[in-house]
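Worksheet for the structure shown next.
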Amino acid sequence: MNNKTIKNCISYIFVILFISFIIFIKFFEEGDIKEIKKGVISNIPENKYGLYLSSFHANQIADYGRLLSFYDEAVKQNDKDFLGKLLVLHSMNSNSDDIFKLAQEEYKKDKTNIIPVMYISNHYFVKKDYKKSMELLNSIKGKGDNFVIKLLKSWVLMGQKQYDQAKLLLEKDLDDDKNKIFKKYLLMHLAAENEISGDIKKAKQLYEEILKSENINLFDLENISAFFIKQKDKNKAIEIIKDYYKKSPDSVSALSFLKSIENNTYIPSGIDSVNKGMAKAIFDVSNIINFVFTSTQDLTLMYLSMIIELYPEFYMAKLMQAELYKSIGNSELFLSITDSIPTTHYLYITGQLNKILFSSNENNDYNTISNMYEQLALKYPDYPQIYIRMGNFYREKYDYKKSLEAFSQAIKYASDNTLLSNIYFAKAQVYDILKDKENTKLNLEKAYKLNNKTAPFLNYYGYFLIINEIDMDKGILLISEALTKDAFNSYYLDSYGWALFKRGEIEKAINILELAKSINPINPVIINHLADAYWENNRKQEAIYEWQKVLSLKKYDSVTEPIDYKEIKRKINRGL
């Protein structure tokens, strides 16, 4: 085939493709694209994901009018997307009656669907119609032995004052191997049910057993602490929260809770009513489902609305609800729910820190965010976590002087060694950015003496000692220890490879640096180190190629270890 024939064929194919493209555009202009240009999607797919994605997108851009239109259209089409519609309703902060009607419609279509059954049953429970609530739960055929159903049934029985039957329902599952992962939850609800029914001795025994659990959370501890305070054992409550705070010293909620007990400002409630018990049950069910499966946001919102309807002062659930609204772009509801937490509650500070972080991400106004942090610190001057957040904010905004001041304030109020070591580490990083080697070294040493054994710290300290040629052997030992905790971390491998290079073990260094690069192929620091090692190993063309790649990756430059790009260009032209 000659060149002229080939050109004619190509031209012919191009014309056909062009005509096809015009027809394609024309076809869609007649339908969906035309509608989208008008800002309306008229043909919503009759399936879960069509409605869900459409409503989710409208929610992201805060177009609540379109959300409602999607919902109306879905109803007209008799769409079965119960969860998708729930997202629409919740996103518009619809009242519970609307959702109840929707749940009833869904239940009529499919009486085996546990989700609408849970909602309808809860609706009757709130109205104290325990008989109807139980009827709904009993209607789930084939799932009567399900842990979730049993847990909910036990609280309905408690509402009916059938205390012995309620406790027996859960006690049967305690020794069942298939319910091992639920044992903590079983014990908690059994303890609460014994407390409500007046068997204080049994409740105390069960609460003591729960304290041995490894996966205990702060809300569990709040319920247990409330029990001991009501039993005139405040010291036991303080001891419980102190133990938790030692394990989670960065938790401002734990510190706030501890202070509220110590200062006698905490009014104990715990699970002292059937409504609170059912709220806690649904809260636990939601956590279990989210742990085992990846639940949709609309389902989680449904659970949270049920919980808050049962127990309006369940502020931990409200915080979760606020964060969920934030994640789907509804900032108005995020802010209003966060601000609904009273200043007297121990979760208030956590909510305000969440609010400041949100404002910081949404608003780059340095003065506004700075003032928000300063006001919170002024109101709660002895909370190190507030100063840590401030220090991190100022560092991100390159105000290193204020960052160091904030970290110094945090040190003043931090009593826990783990928290102190983390603050010294944060200060060291700021001094390192400022090229103040003496203060960097001083703060790293303080953190190390406080037994900071986290992999990021060990790697950072070791690398600092190596690149500044302070103590090569100690540096390598520290990085090696970091690698025992995270063997395939590209940053730790880079540090180790560079240490070998500095010690003259070039072949070994290349092997380690090549592994680091294979894990993180766009990190300019790793590639620069590998290029240097190639050059020293007389692999000059490979070194030049890697240095050229460093220049192309300028946007990935590290703040803590910036690349000298003039030096890279010099190395390309002249080598090391």
Side-chain angles (χ1 to χ4, degrees), residues 41-59 64 66-153 155-156 278 281-282 285-286 288-290 292-310 321 324 328:
I41 301 175
S42 61
N43 299 315
I44 299 173
E46 291 189 35
N47 60 61
K48 175 177 174 57
Y49 298 104
L51 177 64
Y52 181 82
L53 292 173
S54 299
S55 60
F56 184 80
H57 175 259
N59 199 17
Y64 301 120
R66 288 180 73 190
L67 266 175
L68 186 57
S69 72
F70 293 149
Y71 172 65
D72 288 340
E73 183 65 26
V75 170
K76 286 176 193 173
Q77 294 180 14
N78 196 28
D79 194 286
K80 293 182 180 179
D81 179 16
F82 176 63
L83 292 180
K85 292 174 199 171
L86 271 179
L87 175 67
V88 176
L89 287 167
H90 280 300
S91 298
M92 298 185 70
N93 203 19
S94 182
N95 64 52
S96 59
D97 289 337
D98 289 338
I99 303 171
F100 177 64
K101 288 174 187 174
L102 178 60
Q104 283 184 313
E105 288 173 15
E106 188 65 22
Y107 177 66
K108 287 174 186 175
K109 295 175 194 172
D110 182 5
K111 294 188 177 182
T112 64
N113 189 340
I114 192 172
I115 296 169
V117 168
M118 280 183 67
Y119 194 90
I120 299 168
S121 175
N122 192 71
H123 178 86
Y124 286 125
F125 189 96
V126 172
K127 294 183 179 298
K128 302 189 186 309
D129 190 341
Y130 302 119
K131 183 180 177 182
K132 279 191 177 178
S133 182
M134 185 63 85
E135 284 174 2
L136 264 294
L137 294 174
N138 284 331
S139 73
I140 304 291
K141 293 178 182 178
K143 295 181 181 176
D145 291 332
N146 185 300
F147 166 75
V148 171
I149 299 299
K150 282 187 176 180
L151 184 57
L152 301 180
K153 280 183 177 180
W155 281 107
V156 177
M278 182 62 90
I282 297 169
V285 166
S286 177
I288 291 166
I289 291 173
N290 281 329
V292 178
F293 307 104
T294 304
S295 295
T296 55
Q297 291 165 316
D298 37 7
L299 179 56
T300 307
L301 277 171
M302 186 193 82
Y303 286 137
L304 290 169
S305 72
M306 289 165 63
I307 291 164
I308 292 163
E309 192 175 5
L310 286 159
Q321 189 183 44
L324 193 53
I328 61 175

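Owing to the predicted nature of the structure, the values given are computational and were not obtained by experimental measurement.
- In this structure, CD in Q321 is found 15.5 Å from OH in Y303, a value given to the nearest 0.5 Å.
- Distance CE/M302 to CD1/I115: 6.0 Å, rounded to 0.5 Å.
- Within the 3.5 Å criterion, the main-chain N or O of M118 finds no donor-acceptor partner in the side chain of S121.
- Minimum heavy-atom separation, M278 to L310: CG-CD1, 3.6 Å.
- Rounded to the nearest 0.5 Å, atoms CD (E105) and NZ (K109) are 6.5 Å apart.
- Here I120 pairs with F100, A103, Q104, Y107, Y124, L136 under the side chain to side chain contact (heavy atoms under 4.5 Å, CB included) rule; sequence neighbours left out.
- In this structure K131 satisfies the side chain to side chain contact (heavy atoms under 4.5 Å, CB included) test together with D129, E135, sequence neighbours excluded.
- When all heavy atoms of K111 and V117 are compared, the closest pair comes out as O-CG2, 4.3 Å.
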Before you tell me yes or no, could you show the steps for N138 and K153 under side-chain contact (heavy atoms from CB on, under 4.5 Å), namely the whole-Å CA-CA distance, both residues' side-chain angles and the distance that decides it to 0.1 Å? CA-CA 9 Å; N138 284 331; K153 280 183 177 180; 2.9 Å; yes
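- Put simply, CZ on F125 and CE on M306 are 10.5 Å apart, with the number rounded to the nearest 0.5 Å.
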Show, in sequence, the C-alpha distance, side-chain angles and deciding distance for I282 and L152, and conclude whether the side-chain contact (heavy atoms from CB on, under 4.5 Å) test is met. CA-CA 8 Å; I282 297 169; L152 301 180; 4.1 Å; yes
